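When a ligand or atom number is given, it counts from 1 through the structure's own listing order. This one's a predicted model, so the numbers in the text were calculated from it and none came from an experiment.
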Amino acid sequence: MPAIVLVGAQWGDEGKGKATDLMGSDVDYVVKFNGGNNAGHTIVIEKDGKREKYALHLLPSGILTPTCTPVIGNGVVVDLAVLFEELDGLEARGVDTSRLLVSANAHIIAPYNRVLDKVTERFLGSRKIGTTGRGIGPTYADKMARNGIRVQDLFDEKILRQKVEAALAFKNQILAKIYNRRAVGVEEVMDELLGYVDRLRPMVADTSLVLEKALNEGKTVLLEAGQATLLDVDHGTYPFVTSSNATAGGACTGSGIPPTRVDRVIAILKAYSTRVGEGPFPTELFDDKGEFLRKTGAEYGTTTGRPRRCGWVDTVVGRYSTRVNGTTDFVITKLDVLTGLDTIPVCVAYDVDGVRHDEMPVNQTDFHHAKPVYEELPGWREDISTCRTFEELPANARAYVLRLEELIGARVSAIGVGPGRDEIISRHSLLGD
Ligand code: GDP
Ligand code: IMO
Ligand code: MG
């Protein structure tokens, strides 16, 4: 089996972690290719009759599958303190983390970039992005400006010192003169980064080469995105996005696997919509229906605990996501959350100042002004969490899925009916026909 890419179709938190975990032992490598500890992927596993919840931020979800090798690809930004904290936390719960590989080319989130993320947001005031404050944006900015620090730099103290000095010569001016913050010392940064070197060394690899060999041996490689299509720095609702490529193209640049090896793209679409942070969201609800979705779907951020903004499903977004990712299969998650509604509105197009848009408006201003055009579908009241085949779903739930499938333009291969590993309906194998 070749490489499979798994992305979020909306604004994140669609259930990518659960979908990755589902493929479990059928996958040999799970590669995180973008983002960092801004992500929060929740996985619920049944162990000895009890439900155990894992929240992963930096590590790929495959770390919970004993037969799988988790890989942090070159496109990721790594906060070393978080990496080891997360590894220690999992080890303490009996998870073997010894197979983890980290790309020598991944960038490091230096301590000054965490500070800069927070002070920049404060400085922006009402124009803020609503970032997770983890230093993601400033670290990718350094990467592009060619003054970032890579994992491999930690193993050459002389080079590391040169890079830290060069970065701080500039950053300290900004910190002190614009933000009125104390300057950061070269030695404190060096001490913090060098403190991780011995533990990190055995994990570091040429992960692109490792993955090429694996694919040549017929192994299955899953490339798991953080964030989602509309948070992608190129294809999302810029500037209200994250700073990496969370769409399928990013899986290649962020892992070193060429596009010619990828033949399946799975997009995860929540049966309704959510968004954390600022930015346009046409189907957002501000009434008791929004509160219903937030409460029933437990829509509070895994990373920052912020209440997620909630709204109805938006198939213009779904269709756009099929276009920019080349989606072959969708997983619709959290269908169970919609149980109990009389009717369920589905956004099929936008009205922008009297003009109908069936596709994402090219201008961000139009997207800000977009009013959803809804189609009302009948709801269902039966508990669907125990359904395991498509036929077992109530007729209206089936019709809802089939209408979404038609509107988003790719087949729906699986449907989530609860957070647990087994709470899923499979229509087509996610690994191949
Ligand atoms: P990710 O960032 O895309 O991995 O998603 P998150 O983990 O941030 O958020 C998804 C949440 O929905 C998690 O709490 C999951 O346990 C939960 N979840 C995933 N699939 C389903 C589903 O089909 N039904 C319900 N009720 N919860 C789900
Ligand atoms: P997962 O992988 C939802 C959002 C932030 C903010 C914007 C920029 O769990 O789906 P950043 O800290 O990345 O510079 O913040 O992106 N954001 C997410 N929203 N899920 C995520 O990850 C997110 N990662 C970042 O809320 O609006
Ligand atoms: Mg999440």
Side-chain angles (χ1 to χ4, degrees), residues 6-22 32-45 51-58 60-61 76-77 79 109 113-114 116-118 120-121 128-141 224-233 236-244 246 267-281 293 296-306 308-309 331-339 383-385 387 414-425:
L6 187 146
V7 296
Q10 297 149 312
W11 282 280
D13 307 321
E14 297 91 349
K16 297 176 290 292
K18 176 184 161 176
T20 299
D21 178 64
L22 262 179
K32 181 175 168 107
F33 64 80
N34 75 306
N37 57 313
N38 47 349
H41 296 189
T42 316
I43 295 157
V44 180
I45 294 175
R51 282 196 161 194
E52 286 209 25
K53 192 166 154 179
Y54 293 86
L56 300 171
H57 299 285
L58 180 54
S61 306
V76 174
V77 288
D79 185 321
I109 301 181
N113 280 338
R114 281 195 300 266
L116 277 168
D117 192 357
K118 292 195 181 113
T120 309
E121 281 283 277
K128 71 178 193 285
I129 308 291
T131 74
T132 58
R134 303 297 193 258
I136 306 294
T139 304
Y140 279 114
E224 181 195 18
Q227 295 75 56
T229 305
L230 290 192
L231 290 175
D232 181 286
V233 68
T237 52
Y238 190 90
F240 302 103
V241 291
T242 191
S243 299
S244 67
I268 317 301
L269 182 92
K270 213 182 280 198
Y272 50 97
S273 305
T274 63
R275 174 163 207 169
V276 207
E278 307 302 316
F281 179 3
L293 293 173
T296 319
E299 296 296 352
Y300 297 89
T302 313
T303 300
T304 57
R306 290 179 286 180
R308 293 175 182 151
R309 300 159 63 193
V331 177
I332 292 187
T333 58
K334 303 190 106 168
L335 188 65
D336 52 299
V337 173
L338 298 180
T339 300
D383 174 13
I384 62 168
S385 64
C387 296
I415 301 151
V417 290
R421 242 183 198 171
D422 60 326
E423 287 170 318
I424 193 90
I425 292 171

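- Of the polar atoms of L335, none of the N or O atoms is found under 3.5 Å from an N or O of ligand 1, judged by distance alone.
- Within the 4.0 Å heavy-atom criterion, the part of V417 lying near ligand 1 is the backbone and not the side chain.
- Looking at heavy atoms from C-beta onward, L293 lies in side-chain contact with L338 at the 4.5 angstrom threshold.
- Distance alone, capped at 3.5 Å, is enough to place a donor-acceptor pair between the N34 side chain and the G226 backbone.
- For atom 16 (O) of ligand 1, the nearest non-hydrogen atom of the protein is P419 CB, 3.6 Å.
- Atoms of ligand 1 lying under 4.0 Å from any heavy atom of G416, numbered from 1 in the order shown and given with element: 23 (O).
- Looking at K334 against ligand 1, both its backbone and its side chain come within 4.0 Å, counting heavy atoms.
- Between atom 17 (N) of ligand 2 and the options L231, V7, V233, N38, the minimum heavy-atom separation is to L231.
- Not one N or O of V44 is nearer than 3.5 Å to an N or O of ligand 1, by distance alone.
- If you run side-chain contact (heavy atoms from CB on, under 4.5 Å) between V44 and each of R421, K53, E423, only K53 comes through.
- Nearest-residue assignment for atom 6 (C) of ligand 2 (options G236, G130, G277; heavy-atom criterion): G130.
- Comparing E14, R306, R308, Q227 by heavy-atom distance to atom 1 (P) of ligand 2, the nearest is Q227.
- The distance criterion of under 3.5 Å between nitrogen or oxygen atoms is not met by G12 with respect to ligand 1.
- In K16, the part holding a heavy atom less than 4.0 Å from any atom of ligand 2 is the side chain.
- Heavy atoms from both the backbone and the side chain of T42 come within less than 4.0 Å of ligand 1.
- A heavy-atom separation below 4.0 Å is found between R308 and ligand 1.
- Considering only non-hydrogen protein atoms, atom 24 (N) of ligand 1 sits nearest to D336 OD1, 2.8 Å.
- Numbered from 1 in the order shown, with element, the atoms of ligand 1 that lie under 4.0 Å from a heavy atom of G17 read 4 (O).
- Residue A39 places no heavy atom under 4.0 Å from ligand 1.
- Residue, atom and distance of the protein heavy atom nearest to atom 1 (P) of ligand 1 are K16 N, 3.5 Å.
- Residue-to-ligand polar distances place D13 within reach of ligand 1: an N/O pair is separated by less than 3.5 Å.
- Of the protein's non-hydrogen atoms, the one nearest atom 2 (O) of ligand 1 is G40 O, 2.8 Å.
- For atom 22 (C) of ligand 1, the closest heavy atom belonging to the protein is G418 O, 3.1 Å.
- Among the atoms of K16, none of the N, O or S atoms falls under 2.8 Å from the Mg ion (ligand 3).
- Residue R134 does not touch ligand 2, judged by heavy-atom distances below 4.0 Å.
- In this structure, G40 has a heavy atom closer than 4.0 Å to ligand 2.
- Nearest protein heavy-atom neighbour of atom 19 (C) of ligand 1: K18 CD, 3.8 Å.
- Side chains of I268 and L6 form a contact here, defined as non-hydrogen atoms less than 4.5 Å apart.
- Side-chain atoms of R275 come within 3.5 Å of backbone atoms of P280 as a donor-acceptor pair (strictly under, hydrogens ignored).
- Of the heavy atoms in F240, none comes closer than 4.0 Å to ligand 2.
- The protein heavy atom nearest to atom 8 (C) of ligand 2 is V241 O, 3.3 Å.
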